Amino acid sequence: MIIDDLCIPGTQSTPDIRTDGAAGRIFMQGDSYPENTLELFGPVISWVERYLETGDRPLTLELRLIYLNTSSIKAMMDIFDLLEVAHGKSRIVAVTWYYDSRNERVAELAGEFREDCSFPFDIQPRND
């Protein structure tokens, strides 16, 4: 089953979101404080669900998120919960969260997410 990839251009208040089903990858970059979180993340959550329902290919999230409001944090938790269930069924899933080394708050947030995950969850500083 082929799943249509998402390409959601970022704005001042929403991250750039792209999926690559062939590579098993989701990429998110930017700030996330949308007016309607469900409108932004609903398609992403649906895409993850469909991807995980088809086959057994690995799925990796590459995150370069800078700021998340409360509703965006909830949406990310929903995505991580889907990955956790898949991981519990022996699916290979992983997250790599890159953060600006001058912004420790993002690293702390990523660390809080990682505490609730048993799948590989890497937090990497970057200096760009």
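Only a predicted model underlies this, so the values are computations on that prediction, with no experimental measurement involved. The chain is numbered in sequence order, starting from 1.
Put simply, CD on Glu39 and CD1 on Ile8 are 10.0 Å apart, with the number rounded to the nearest 0.5 Å. From Asp100, atom CG reaches atom CZ of Arg105 across 12.0 Å, with rounding to the nearest 0.5 Å. The CG atom of Leu68 sits 6.0 Å away from the CG atom of Leu109 when rounded to the nearest 0.5 Å. Atom CH2 of Trp97 sits about 14.0 Å away from atom CD of Gln124, to the nearest 0.5 Å. Between Glu35 atom CD and Ser13 atom OG the span is 7.0 Å, to the nearest 0.5 Å. For the atom pair OG1 (Thr14) and CG (Asp31), the distance works out to 9.5 Å, reported to the nearest 0.5 Å.
A cation-pi arrangement is present between Arg64 and Tyr98 under the rule of less than 6.0 angstrom and at most 45 degrees off the ring axis.
Residues Gln29 and Pro15 have side chains not in contact (no heavy-atom distance under 4.5 Å, counting atoms from C-beta outward). In this structure, Ile66 and Asn103 have side chains that are in contact, with non-hydrogen atoms separated by less than 4.5 Å. Counting heavy atoms from C-beta on, the side chains of Leu61 and Ile79 come closer than 4.5 Å.
Remark: side-chain polar atoms of Arg57 are not paired, donor with acceptor, to backbone N or O of Gly24 under 3.5 angstrom. Side-chain N or O atoms of Asp5 include one that pairs as donor or acceptor with a backbone N or O of Gly21 at under 3.5 Å. Although no hydrogens or angles enter the test, the distance criterion places a donor-acceptor pair under 3.5 Å between the side chain of Tyr51 and the main chain of Pro58. Put simply, the side chain of Glu84 gets close to the backbone of Ser118: a donor and an acceptor are under 3.5 Å apart.
When the side chains of ILVMFWY residues are joined at heavy-atom separations under 4.5 Å, either directly or via intervening members, Val93 and Leu82 end up in a single hydrophobic cluster.
Note: Phe119 and His87 have perpendicular aromatic rings, judged against thresholds of 30 and 60 degrees for the angle between ring planes.
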Quiz item: Between Arg18 and Asp16, is a salt bridge (charged side-chain N to carboxylate O under 4.0 Å, His left out) present by the stated rule, with each step listed?
Solution: CA-CA 7 Å; Arg18 289 176 273 134; Asp16 179 39; 3.0 Å; yes
Self-check item: CA sep, side-chain torsions, deciding dist, call: Met28, Glu62, side-chain contact (heavy atoms from CB on, under 4.5 Å)
Solution: CA-CA 7 Å; Met28 295 186 205; Glu62 180 180 321; over 6 Å; no
Exercise. Would you sort out whether Lys89 and Leu52 count as a side-chain contact (heavy atoms from CB on, under 4.5 Å), showing the intermediate values?
Key: CA-CA 11 Å; Lys89 297 177 180 176; Leu52 293 173; over 6 Å; no
Quiz item: Does the side-chain contact (heavy atoms from CB on, under 4.5 Å) test come out yes or no for Leu63 and Met76, once each step is laid out?
Solution: CA-CA 11 Å; Leu63 306 175; Met76 292 305 299; 3.8 Å; yes
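Shown are Asp122, Leu83, Ile123, Ile26; of these, the side-chain contact (heavy atoms from CB on, under 4.5 Å) with Val95 is made only by Leu83.
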Pair up each side-chain donor or acceptor in residues 40-49 with any protein partner under 3.5 Å, not counting sequence neighbours, and list the distances.
residue	atom	partner	partner atom	Å
Ser46	OG	Gly42	O	3.1
Trp47	NE1	Asp4	O	3.1
Trp47	NE1	Thr19	OG1	3.4

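Side-chain contacts under 4.5 Å among hydrophobic residues (ILVMFWY), followed directly or transitively, place Tyr67 together with Tyr33.
Residues Asp116 and Arg114 are not paired through a salt bridge, judged by the lack of any N-O separation under 4.0 Å between the basic side chain and the carboxylate.
Phe121 has its ring centre no less than 6.0 Å from the ring centre of Phe113.
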